[in-house]
Amino acid sequence: MPKADETNDKAFDSLDARLAAFEAKKAAEKPAKAASEKASQDGYRLLADLIGGVLVGLGFGWLLDHYVHTSPWGMVGGLLIGLGLAIFSIVRKAMKLSAQASAKADEHMGDGPTVPKQKRD
């Protein structure tokens, strides 16, 4: 709060300085939060792909059973096909995410070694 004897210009300057300090503090905290949030988002995306693939496979299997009257076999086949395609999709996405993470880690590593060299006898 500005003091009673400060003029309006000094009060505005003080407010601007405090606002700039607050924004700088928030900007410094943002990258650390963004990395952890990105990791959890990727995990939830992979989980949603797994659940979605199984449910879509079951849905198509149920439709096949309903219209062709092949009682449990359509759902069993749909479950297996949906699970297989979901796992295939998850592995592809996980490999892509891993490649992106390793490329980003290589970019930040610099030229120095990460492990000290060991002396040989």
Listing, residues 52-71 side-chain donor-acceptor contacts under 3.5 Å, not counting sequence neighbours, or none:
{"unit_1": "Asp65", "atom_1": "OD1", "unit_2": "Thr70", "atom_2": "OG1", "d": "2.8"}
{"unit_1": "Asp65", "atom_1": "OD1", "unit_2": "Gly74", "atom_2": "N", "d": "2.8"}
{"unit_1": "Asp65", "atom_1": "OD2", "unit_2": "Met75", "atom_2": "N", "d": "3.1"}

Compile the donor-acceptor pairs under 3.5 Å between side chains in residues 77-103 and protein atoms, sequence neighbours left out, one pair per line.
{"unit_1": "Lys93", "atom_1": "NZ", "unit_2": "Asp49", "atom_2": "OD2", "d": "2.6"}
{"unit_1": "Ser102", "atom_1": "OG", "unit_2": "Ser98", "atom_2": "O", "d": "3.3"}
{"unit_1": "Ser102", "atom_1": "OG", "unit_2": "Ala99", "atom_2": "O", "d": "3.0"}

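Contacts of Asp42 classified as side-chain hydrogen bond (donor to acceptor under 3.5 Å, both in side chains), with partners at least two apart in sequence or in another chain: Lys38, Arg45.
Legend: salt bridge (Lys or Arg N to Asp or Glu O under 4.0 Å) pairs involving residues 66-83, not counting sequence neighbours: none detected. Sorted by first and then second residue, the salt bridge (Lys or Arg N to Asp or Glu O under 4.0 Å) pairs involving residues 55-64 (not counting sequence neighbours) form an empty list.
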